[in-house]
Amino acid sequence: MFTAMRPLRNILAVVAAFVVGSATMFILHDLHMKIWPEETMPASTASREEFQAWMAGLSMTTMLAATVVHWLGTAAGAAVGMLVAARSEESGMRPMWPVWTMGIWFFIGGIMNSIQLGTPLWLSVVDALGYIPAAYLAGRLLQR
């Protein structure tokens with residue numbers, strides 16, 4: 001590959017990873033709410049207290065399924081980033097940096113989401129603990 005194209009390909013890798021990871025999360029959240037229909041989510045203009053009251057009424061299955069959706073979106077983004085990024089010139093292997101970039105990006109987003117929605121502490125911790133391992137696992141599977 002032309003050396004001048006490597007930076008462009010790596011920028012594309014980050015953009016594609018973010019878009020695919022985010023889209024995967026949104027699509028899976030929509031599917032998840034069809035499988036486990038709960039009370040309709042409050043409007044985006046709702047207060048933090050309204051979101052907390054809504055969250056308190058959700059079942060454990062619904063909350064854990066949403067967490068798995070977050071991890072799957074992270075894994076999808078990491079996988080796409082890794083597949084699009086330029087291979088190492090020395091070894092020819094796929095790089096792991098997109099994996100770490102997406103794992104950290106979605107980890108930060110997950111924490112911000114938890115704070116914004118006021119999710120229960122236990123759920124926030126479980127959710128946050130899975131982003132980086134999900135991205136890493138996707139990366140390791142593709143590296144082989």
Side-chain angles (χ1 to χ4, degrees), residues 1 5-44 46-144:
M1 175 187 301
M5 296 298 289
R6 293 179 63 76
L8 293 176
R9 186 162 179 167
N10 288 335
I11 290 168
L12 177 63
V14 172
V15 172
F18 174 74
V19 169
V20 169
S22 299
T24 300
M25 275 190 216
F26 287 121
I27 290 166
L28 290 177
H29 265 302
D30 189 48
L31 178 62
H32 153 253
M33 291 308 284
K34 287 181 170 81
I35 294 170
W36 289 287
E38 301 271 345
E39 182 180 331
T40 305
M41 186 171 162
S44 60
S47 69
R48 187 167 194 254
E49 291 74 26
E50 289 172 301
F51 272 110
Q52 286 176 327
W54 173 72
M55 293 280 304
L58 297 176
S59 69
M60 176 79 69
T61 304
T62 298
M63 288 189 273
L64 291 176
T67 296
V68 171
V69 162
H70 295 164
W71 298 344
L72 290 173
T74 302
V80 166
M82 192 172 180
L83 291 171
V84 173
R87 291 178 180 262
S88 168
E89 286 182 350
E90 297 83 38
S91 67
M93 291 184 64
R94 296 187 187 284
M96 285 294 282
W97 66 262
V99 167
W100 300 117
T101 303
M102 289 303 103
I104 292 167
W105 176 263
F106 285 111
F107 170 78
I108 292 169
I111 290 173
M112 291 172 59
N113 186 53
S114 292
I115 292 168
Q116 193 174 30
L117 292 179
T119 59
L121 180 60
W122 70 267
L123 182 59
S124 299
V125 170
V126 168
D127 190 50
L129 289 175
Y131 289 103
I132 293 172
Y136 179 76
L137 180 61
R140 290 299 295 175
L141 289 172
L142 284 173
Q143 213 174 30
R144 295 177 187 237

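- Closest approach of Ala75 and Ala138 over heavy atoms only: O-CB, 3.6 Å.
- To the nearest 0.5 Å, atoms CD1 (Ile35) and OG1 (Thr61) are separated by 12.0 Å.
- Distance check: Met33 CE to Thr62 OG1 gives 6.5 Å after rounding to the nearest 0.5 Å.
- Taking the side chain as every heavy atom from C-beta outward, Asp127 and Trp71 approach each other to under 4.5 Å.
- Distance CG/Leu142 to CE/Met93: 11.5 Å, rounded to 0.5 Å.
- Atoms CE and CG, on Met112 and Leu117 in that order, are 11.5 Å from each other to the nearest 0.5 Å.
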**Asked** For Trp105 and Val14, what are the C-alpha separation, side-chain angles and deciding distance, and is it a side-chain contact (heavy atoms from CB on, under 4.5 Å)?
**Response** CA-CA 10 Å; Trp105 176 263; Val14 172; over 6 Å; no

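- Aromatic ring orientation, His70 versus Tyr131: parallel (interplanar angle below 30°, classes split at 30° and 60°).
- Interatomic distance, Gln52 CD to Met55 CE, rounded to the nearest 0.5 Å: 9.0 Å.
- Between Ala17 and Gly77, the shortest heavy-atom contact is CB-O, 3.0 Å.
- Here the shortest heavy-atom pairing between Thr74 and Met102 reads CG2-O, 4.1 Å.
- To the nearest 0.5 Å, atom CD1 of residue Ile27 and atom CG of residue Asp30 are 8.5 Å apart.
- Thr24 and Leu72 get closest at one heavy-atom pair: CG2-O, 4.2 Å.
- Heavy atoms only, all atoms of each residue included: Pro120 and Met63 are closest at CG-SD, 4.4 Å.
- Proximity of a side-chain donor or acceptor of Arg94 to a complementary backbone N or O of Val84 within less than 3.5 Å is not detected.
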**Request:** In sequence, state the C-alpha distance, the side-chain angles, and the governing distance for Phe106 and Ile132, and then conclude on side-chain contact (heavy atoms from CB on, under 4.5 Å).
**Result:** CA-CA 8 Å; Phe106 285 111; Ile132 293 172; over 6 Å; no

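- Closest heavy-atom contact between Val99 and Met82: CG2-SD, 3.9 Å.
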